[in-house]
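The structure appears below as structure tokens.
Below, chains carry the letters A, B, ... as their sequence lines are ordered, and counting in each starts from 1. Because the structure is predicted, anything quoted here is derived from the model rather than measured.
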Amino acid sequence: MAKLTPRDKDYSKWYNELVVEADLAQHSDVKGCMVIKPYGFAIWERMKDVLDARFKETGHVNAYFPLLIPKSYLSKEAAHVEGFAKECAVVTHYRLKNDPDGQGVIVDPDAKLEEELIIRPTSETIIWKTYKNWIQSYRDLPLLVNQWANVVRWEMRTRLFLRTTEFLWQEGHTAHATRDEAVAEAELMLRVYAEFAEGTLAMPVIQGVKTASERFAGALDTYCIEALMQDGKALQAGTSHFLGQNFAKAFDVTFATKEGDKQHVWATSWGVSTRLMGALVMTHSDDLGLVLPPELAPIQAVIVPIHKGGDGEAVVMERCNALFAELKAAGIRVKLDDDDTRRSGWKFAQYELKGVPVRLAIGPRDAEGGTVELARRDTREKSLVPFEGIASNVSSLLSDIQNGLLATSRQRLSDSIVEVDTWDAFTAALDGGGFISAHWDGTDETEEWIKQKTKATIRCIPFDGPGTPTPPAPGNCVKTGAPSERRVLFARAY
RNA sequence: CGGGGCGUGGCCCAGUUCGGUUAAGGCGCCUGUUUUGGGAACAGGAGACCGCAGGUUCGAAUCCUGCCGCCCCGACCA
């Protein structure tokens with residue numbers, strides 16, 4: 001097991017090595033696709049479980065829609081097809097046959113589909129086609145459905161978790177009787193994402209709205225949570241869209257009101273993906289490997305027995321088993337690593353690489369003295385603690401770690417927001433990474449010019465309210481000097 | 001699609017400039033012994049149609065032609 005490339009030497013290389021070495025994922029033989037390994041998938045499952053519970057608490061139900069979508073559906077909503085057409089995988093045939101000229105198989109030309117099918121890049125079209133039949137009356141609303149699925153977007157350039165050709169996600173699709181209700185839903189789900197990011201991932205985010213040019217294809221408004229990675233680049237970690245009546249009109253989804261009028265429904269969609277795995281890695285991890293927040297970690301504490309076999313072994317193992325039972329009873333996700341084909345030093349390094357928050361080691365000396373060596377992954381501090389009261393000790397250590405990770409990344413986020421008022425200051429601030437808070441004249445032209453010139457994009461226009469990084473105050477556009485009502489956040493992003 | 005890099009046991013790779021007959025080394029794997037409180041040491045062993053297809057040659061991992069694939073950096077995007 002080689003050491004990882006240090007972050008300050010090559011951040012991108014560090015990331016790739018970490019993902020592979022920590023057993024999260026590996027490249028498959030198909031470009032842009034990855035195998036998510038059991039340990040990586042266990043982390044994704046934790047994300048999924050926590051989010052799924054929140055979706056259900058907020059009134060949503062799960063369903064499943066097909067992977068394959070008739071090509072014609074995609075063209076129903078003009079902006080939507082414009083946004084996705086160029087990255088769709090298309091199914092044209094349904095059968096292979098043996099190659100008559102040699103070995104292997106070829107596409108059977110006789111098995112051409114009458115209408116080509118696309119592999120979903122997102123499911124708005126098939127879902128709204130279906131909703132047309134589900135919705136007739138105001139009594140059918142609101143319709144609050146989520147699905148956990150895979151989607152395919154044929155991106156030019158891919159990176160493990162951050163942008164893969166196929167990725168896993170959830171997509172919520174809701175229908176409402178009024179505009180206000182739909183807007184409230186989109187805002188609610190963004191809050192759910194933000195709470196999840198901070199509470200579970202210990203990853204602070206900035207909530208806001210996208211500019212027109214960054215909006216989801218087919219949306220009237222796109223809300224987002226933006227996070228900051230250790231290298232100073234921003235990452236869009238989740239989005240929630242207010243779709244207006246665009247899809248209802250495109251698929252003719254109407255309902256009868258109490259008064260007997262016929263109206264188009266109002267829609268939202270919202271999603272987070274396995275990209276969150278990448279966000280997680282780049283928020284907390286270090287040169288030794290992954291660092292997982294305890295709320296998320298599939299294994300919160302690992303017990304490593306240390307013995308030389310023989311008589312000592314029984315005593316040590318007895319202690320370890322008791323410890324395991326006690327931690328488990330306290331509701332801690334604990335693993336006892338009693339694999340005696342690996343040495344303890346090797347195990348220590350492994351669990352550090354995999355980001356297990358707390359490690360407990362027990363050797364003959366501890367068994368004798370009634371102590372446990374307690375090591376925390378985030379600060380790498382070790383201490384010798386009494387066996388007595390170990391469960392509450394570990395529990396409070398886990399919450400210390402969770403809080404510590406959040407505090408550290410919060411500090412980094414707030415330190416990285418730089419206010420600038422001149423173009424020189426803007427370009428100077430770019431080198432430091434992080435968010436740049438600046439006035440913008442509100443035009444596409446200025447936004448695009450800045451993007452071309454600096455690769456920095458407007459990540460969002462933050463929401464007002466307590467804790468906003470950009471309290472509303474008028475000023476002048478950092479580029480054109482035209483009047484501006486408020487600051488927005490720029491950054492270079494993943 | 002542009003620019004760069006690379007395809008050699010499961011993994012990392014030397015060898016390719018200048019062709020030469022058992023394709024080197026490390027990691028990992030298997031067996032044994034000694035070890036075990038921070039990634040063990042020694043000894044032995046298994047494992048390769050050198051990305052694919054042609055060509056040149058007495059002889060090709062190495063030279064020529066064509067193709068395929070992957071990674072990294074850009075443009076596009078969650």
Closest to side chain of [X], choosing from [options]:
{"X": "A:Arg342", "options": "B:C29, B:A78, B:G39", "answer": "B:C29"}
{"X": "A:Ala349", "options": "B:A78, B:U35, B:G39", "answer": "B:G39"}
{"X": "A:Ser344", "options": "B:G39, B:G37, B:A78", "answer": "B:G37"}
{"X": "A:Pro364", "options": "B:C76, B:G37, B:G74", "answer": "B:G37"}
{"X": "A:Glu352", "options": "B:A78, B:G38, B:A40", "answer": "B:G38"}
{"X": "A:Phe348", "options": "B:A78, B:G74, B:G38", "answer": "B:G38"}
{"X": "A:Ser12", "options": "B:C72, B:U36, B:A78", "answer": "B:C72"}
{"X": "A:Arg343", "options": "B:A40, B:G38, B:A78", "answer": "B:A40"}

For [X], report the nucleic acid contact type (base, sugar-phosphate, nothing); a contact means any heavy atom under 4.0 Å.
{"X": "A:Thr371", "value": "nothing"}
{"X": "A:Leu162", "value": "base"}
{"X": "A:Lys382", "value": "base"}
{"X": "A:Tyr494", "value": "nothing"}
{"X": "A:Gln236", "value": "sugar-phosphate"}
{"X": "A:Thr122", "value": "nothing"}

Could you tell me which nucleotide pairs with [N] by Watson-Crick or G-U wobble geometry, both distances under 3.5 Å, or answer none if nothing does?
{"N": "B:A48", "result": "none"}
{"N": "B:A43", "result": "B:U31"}
{"N": "B:C1", "result": "B:G74"}
{"N": "B:G7", "result": "B:C68"}
{"N": "B:A24", "result": "none"}
{"N": "B:C63", "result": "B:G55"}
{"N": "B:U17", "result": "none"}

Original post:
If you pin A:Lys86 and A:Lys308 to their nearest nucleotides in RNA chain B, which one's is more 5'?
Top reply: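 Mapping each residue to its closest nucleotide by heavy atoms, the 5'-most match is A:Lys308.
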Subject >> Residue closer to the 5' end of RNA chain B, A:Arg275 versus A:Ala367 (nearest nucleotide) >> reply: A:Ala367
Starting at [atom1] of [X] and ending at [atom2] of [N], how long is that distance when rounded to a whole Å?
{"X": "A:Leu235", "N": "B:A78", "atom1": "CG", "atom2": "P", "answer": "11 Å"}
{"X": "A:Leu51", "N": "B:A78", "atom1": "CG", "atom2": "P", "answer": "19 Å"}
{"X": "A:Trp346", "N": "B:G28", "atom1": "CH2", "atom2": "P", "answer": "10 Å"}
{"X": "A:Glu226", "N": "B:A78", "atom1": "CD", "atom2": "P", "answer": "11 Å"}
{"X": "A:Gln452", "N": "B:A75", "atom1": "CD", "atom2": "P", "answer": "8 Å"}
{"X": "A:His307", "N": "B:U36", "atom1": "NE2", "atom2": "C1'", "answer": "9 Å"}
{"X": "A:Glu368", "N": "B:G37", "atom1": "CD", "atom2": "P", "answer": "19 Å"}
{"X": "A:Gln170", "N": "B:A78", "atom1": "CD", "atom2": "C1'", "answer": "12 Å"}

[X] side-chain N/O to [N] phosphate OP1/OP2 under 4.0 Å:
{"X": "A:Lys13", "N": "B:C71", "value": "no"}
{"X": "A:Arg365", "N": "B:G37", "value": "no"}
{"X": "A:His27", "N": "B:C71", "value": "yes"}
{"X": "A:Arg359", "N": "B:G38", "value": "no"}
{"X": "A:Asn16", "N": "B:C71", "value": "no"}

Is [X] positioned over the aromatic face of [Y], cation under 6.0 angstrom from the ring centre and no more than 45 degrees off axis?
{"X": "A:Lys210", "Y": "A:Tyr223", "result": "no"}
{"X": "A:Arg120", "Y": "A:Phe65", "result": "no"}
{"X": "A:Arg343", "Y": "A:Trp346", "result": "no"}

Sticking with atom [atom1], work out how far [N] lies from [M], rounded to a whole angstrom.
{"N": "B:U17", "M": "B:U62", "atom1": "C1'", "result": "10 Å"}
{"N": "B:C13", "M": "B:G32", "atom1": "C1'", "result": "29 Å"}
{"N": "B:C71", "M": "B:A24", "atom1": "P", "result": "30 Å"}
{"N": "B:C18", "M": "B:C68", "atom1": "C1'", "result": "29 Å"}
{"N": "B:A41", "M": "B:A46", "atom1": "P", "result": "22 Å"}

**OP:** Determine, using ring centers only, whether A:His173 and A:Tyr131 are less than 6.0 Å apart.
**Re:** no
**OP:** Taking the six-membered ring for Trp and the single ring otherwise, decide whether the centroids of A:Phe161 and A:Phe167 are under 6.0 Å apart.
**Re:** no
Original post:
Heavy-atom count around A:Trp154 CH2 within 6.0 Å, excluding the residue itself: above 12?
Top reply: no
Subject >> Electrostatic pair A:Lys354:A:Asp23 at N-O distance under 4.0 angstrom >> reply: yes
Subject >> Pair A:Glu166 + A:Arg153: basic N to acidic O under 4.0 Å >> reply: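 Looking at A:Arg153 together with A:Glu166, the answer is no, because their closest N to O distance does not fall below 4.0 Å.
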Subject >> Criterion salt bridge (Lys or Arg N to Asp or Glu O under 4.0 Å) against A:Glu352, the qualifying member of A:Arg380, A:Arg377, A:Lys382 >> reply: A:Arg380
